[in-house]
Every structure is written in structure tokens, then in C-alpha cells.
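Everything below concerns the one structure shown next.
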Amino acid sequence: MAVEIATPQNAPCHADAPSPEQRLKGVLDLSPNEIAGEVTTAFTVGDKTQTRQQSTPLTFSHKPFGHRRWILAALIVLMGGAAFAQRGYWGRRNRSLPTDRNGVPTWEVDPRFPQDSFTFARIEYDSYGGRGRGGGGCWTDYPDSDLNFSLRLQQLTSLKVNPDPVVIRLTDDELFDYPFIYIIEPGGLVFSEEEVKALRKYCLNGGFLMVDDFWGDSQYENMRSELKRVFPDRDPFEVPLEHEIFHIVYDLKEKPQVPAINSARRRADGSVGSWEWSRDGSDTSVPHYRAITDDEDRIMVFICHNTDLGDGWEREGEDQWYFDEFSVKKAYPMGINIVTYAMTH
């Protein structure tokens, strides 16, 4: 799929807006001016070029499905199952989306280009025993973050987006069908030898990996050492704020830090606490965005450390302040920038 950037304007909207039952009163406009950026609206797919200009309100969608997680958690505890929770819930191989999409609206994919739409692809993995243990593993925030981000990407850009995100393994044959893949909570992840080979081949052949939601020095060191197995001759480097990935659609003035919703806090003086505490006690107050590039300086691995963009996508419908402060200002603009970079390089 060839993608071509045109002049910045307002973002178009393709998806149906959430129903009144899914909304609270607040309606926000994630326009370029809100975060001092510009939105690009023309994308070329094959020999077809479409440019649309339309402002898109970003609405706070209250989705009651969040309460079902607490019910599930209570059932797990009643069954006595920390082990059950680890192996039976997080370790499941369930790739199907809920039939009601947890209240997230769907949309039609152009039948003329059924294979030419962007699909959010989450990587499933089993091992979680590295030096940076802790967290929920590969199923964290699933499926709500994947569904919500796909919807917002469809609404706020001209990129054609598949409404149904997928879950795959690095060793699956269909890996190369997806130019963008997402790994979450890699603090304790250990790649198998087969996964090492597959990820190396994927990235060096044009694929893009986004790594998200891990905190502290020990979890970063675990991910760094695993990526060193994948790329023995390459090391991650801190991406400067001047890099185009922070400006390609939304012109970000700082590297965004997004905490999990239960870690976000407002202080009495009006300042915002935006970091999570690490298990090893290391400083997590500064977000880091690191990259591994190919021989042509294309970012092929983008590492979002000391931040949790996925929670900003997943939790958008649970708290108005969190939505305003982190989903609108940080999680969605950064995510859209990352995908746009991946699809244009």
C-alpha cells in the first residue's frame, strides 16, 4: 500500500459517531490547533488519491463494559486463582473480538481495496519470565485499546483502516501481511529463537514494531537485551524531539507521558502526575522514546518506555479528566504520528 502525504488541513471522519447512549456530555475537537500541530489529509492507495477536509470532534464515549472487568476479577479471586489468572486468563489464545465490539462502532471497508487498509496487529507471546517481571503480558488493554485506536485512526486521518484489529504471533505465516505490529508490556518478555529470527526478518524487510507500556530500568534492560538478540549489530538510541515522528501529523511540543488510569493524579497546585512507579524503584518520571533503525535510517523499532499509550486508548470512556488530559492531548496524537510514520517510510 503506497501512502503519500499532502498539505496539512483538518482531519476527515469516515466512521459513524458513537450513539447518544455511548456518550457523556463532553465533546472535544482534536484539531491541529489544540496541540499546535497540523493534520495531513491526502493518502494515495495504488493509483487512487483521495483528499478530504472535515473537522472531526473527538467525543468522550462512556462504555459500561469496563465494569465487567471487575466482575471477572472478582470471579478469578473467588476461584482462588492467581495461577488461574496468569495461565487461564492472560495466557489464553483467544483471538476473537467480542460480538458487540464493546460498544465501539464499526464501518465499511472499501470493497475495491479489501487488502489495502491498515490493520492494527497485536503480537501474542507466551513467555513472561525475564529480568523485568510484572504486569499483565501481551493481553493488557485488549481488545478495547485496539478497537478504540482503530476507530480514532479512521476518524482523524484519511488512512483506510480495518475496523477489526488482529492478534498474531511473530512465527505466524501472516506476519508479513501487516506492516505495523504492536508489543505491549515487554518487561519480562523472552523471545524464542524462532521469534528472534522472524522479527529480524520482518523488520529488515520493511516492517515496523511499536513497543509500549513498560516502566523502570529493569524492564527496559530486559527489552534491550532481547532486542540485542534480534539485532546484534544495532543498539536503541534516544529519538530527539526534533525527529519527524513527533511532528509528522501532530506537532508535539514534548515527549508525551501517559500513565495507567489508576496512576494518573491531579495535585492540589494543579500540576499533573503522569508516571507510574516501577517495581525496582528506579526513576520513571521521564518518558523515553528510543528507536532502532535500518541501514537507511528508517525507524523499524520504536520503543515507548516509561509511558502507557495503550491505556490512553483503552480507557478513553471511563473518566472525563483522564480522557481530556491524556487520551486527547497525548495518547492519540502520538499513536497517530507513529502509525503515519510507519506507513509512509
| Check: P165 main-chain N/O paired with T119 side-chain donor or acceptor under 3.5 Å | no
| query | Would you say L159 and I336 make side-chain contact, with heavy atoms under 4.5 Å? | reply | no
| query | Mind checking whether I123 and F176 sit in one hydrophobic cluster, side chains of I, L, V, M, F, W, Y counted as touching below 4.5 Å? | reply | yes
| Donor-acceptor side-chain pairing of E226 and N222 below 3.5 angstrom | no
| So F120 and F149, would you call those rings parallel, tilted or perpendicular, with 30° and 60° as cut-offs? | perpendicular
| Roughly how far, to the nearest 0.5 Å, is the CH2 atom of W215 from the OG atom of S263? | 7.5 Å
| field | Value rounded to 0.5 Å, distance of CG in D280 from OH in Y220 | value | 14.0 Å
| field | Heavy-atom closest pair, residues W107 and V161 | value | NE1-O, 2.7 Å
| query | For D164, which residues count as a salt bridge (Lys or Arg N to Asp or Glu O under 4.0 Å) partner, sequence neighbours excluded? | reply | R101
| request: Check V104, N102, V167, N148 against P143 for a side chain to side chain contact (heavy atoms under 4.5 Å, CB included) and give me the one that passes. | output: N102
| Taking the six-membered ring for Trp, are Y322 and F326 parallel (under 30°), tilted (30 to 60°) or perpendicular (over 60°)? | tilted
| field | For Y341, ring pair (Phe, Tyr, Trp, His ring centres under 6.0 Å) partners two or more places apart | value | H243, H345
| Under 3.5 Å, is there a donor-acceptor pair between the side chain of D172 and the main chain of E174? | no
| Polar side-chain atom of Q257 near backbone of T284 as donor-acceptor pair, under 3.5 Å | yes
| Can you name the one residue among L156, L252, D251 that meets side chain to side chain contact (heavy atoms under 4.5 Å, CB included) with P333? | L252
| task | Please state whether the rings of F208 and F180 are parallel, tilted or perpendicular, taking 30° and 60° as the class boundaries. | result | parallel
| field | Smallest separation among heavy atoms of W313 and G335, with atom names | value | CZ2-CA, 3.9 Å
| field | Side-chain heavy-atom pair F246, K253 within 4.5 angstrom cut-off | value | no
| query | Does the side chain of V211 reach to within under 4.5 Å of the side chain of M223, using non-hydrogen atoms? | reply | yes
| Does atom CG of N205 have more than 12 heavy-atom neighbours from other groups under 6.0 Å away? | yes
| request: Would you indicate whether W321, at its atom CH2, is surrounded by more than 12 heavy atoms from other residues, nucleotides or ligands within a distance under 6.0 Å? | output: yes
| message | Let's go through L170 and F191 carefully: what are the C-alpha distance in whole Å and the side-chain angles of both, what is the deciding distance for side-chain contact (heavy atoms from CB on, under 4.5 Å) to 0.1 Å, and is it a yes or a no? | response | CA-CA 10 Å; L170 290 173; F191 291 126; 3.7 Å; yes
| Is the shortest side-chain N to carboxylate O distance from E325 to R266 below 4.0 Å? | no
| said: Using a 3.5 Å distance criterion without hydrogens, assess whether the side chain of Y125 forms a donor-acceptor pair with backbone atoms of S192. | reply: no
| Is it the case that S145 and R122 place a side-chain donor and acceptor less than 3.5 Å from each other? | yes
| task | Measure the CG-CD1 distance between L209 and I183 for me, rounded to the nearest 0.5 Å. | result | 4.5 Å
| query | What is the distance from atom OH of Y289 to atom CD1 of I338, rounded to the nearest 0.5 Å? | reply | 6.5 Å
| field | salt bridge (Lys or Arg N to Asp or Glu O under 4.0 Å) partners of E276, counting only residues at least two apart | value | none
| said: Please give me the minimum heavy-atom distance between S282 and G216, naming the atom from each residue. | reply: OG-CA, 3.2 Å
| message | Given 3.5 Å as the limit, does a donor-acceptor pair link the side chain of D311 with the main chain of I261, or not? | response | yes
| message | Test of understanding: with salt bridge (Lys or Arg N to Asp or Glu O under 4.0 Å), list the residues that count as partners of D235, not counting sequence neighbours. | response | K228
| query | What pairs meet the salt bridge (Lys or Arg N to Asp or Glu O under 4.0 Å) rule with one or both residues in residues 284-309, with sequence neighbours excluded? | reply | R234-D295, E238-R290, D294-R298
| note | Nearest heavy-atom contact between S285 and P287 is O-CD, 3.8 Å
| Okay, side chain of D212, backbone of G310: is any donor-acceptor separation there less than 3.5 Å? | yes
| field | Straight-line distance of M300 CE to L204 CG, nearest 0.5 Å | value | 5.0 Å
| If you look at every heavy atom in P163 and L147, which pair is closest and at what distance? | O-CD2, 3.9 Å
| remark: In short, salt bridge (Lys or Arg N to Asp or Glu O under 4.0 Å) pairs touching residues 187-200 with sequence neighbours left out are E193-R229
| said: Just verifying a value: how many Å separate D213 CG and L309 CG, rounded to the nearest 0.5 Å? | reply: 9.0 Å
| query | Is there side-chain contact between S327 and R315, with at least one heavy-atom pair below 4.5 Å? | reply | no
| request: Taking the side chain as every heavy atom from C-beta outward, state whether F214 and L189 have any atom pair closer than 4.5 Å. | output: no
| task | Indicate yes or no: at least one non-hydrogen side-chain atom of K160 is less than 4.5 angstrom from one of V109. | result | no
| remark: Of all heavy-atom pairs linking A291 and F302, the shortest is CB-CD1, 4.4 Å
| Centre of W275's six-membered ring, under 6.0 Å away, within 45 degrees of the axis: is that where NZ or CZ of R265 sits? | yes
| request: With the side chain counted from C-beta on, respond yes when P256 and K329 share a heavy-atom pair under 4.5 Å apart, and no when they do not. | output: no
| field | D110 side chain near D116 side chain, heavy-atom distance below 4.5 Å | value | no
| Stepwise side-chain contact (heavy atoms from CB on, under 4.5 Å) test for C203 and V301 | CA-CA 8 Å; C203 290; V301 179; 4.0 Å; yes
| query | Out of curiosity, does W277 fall in the hydrophobic cluster containing V286 (side-chain heavy atoms, cut-off under 4.5 Å, transitive links)? | reply | no
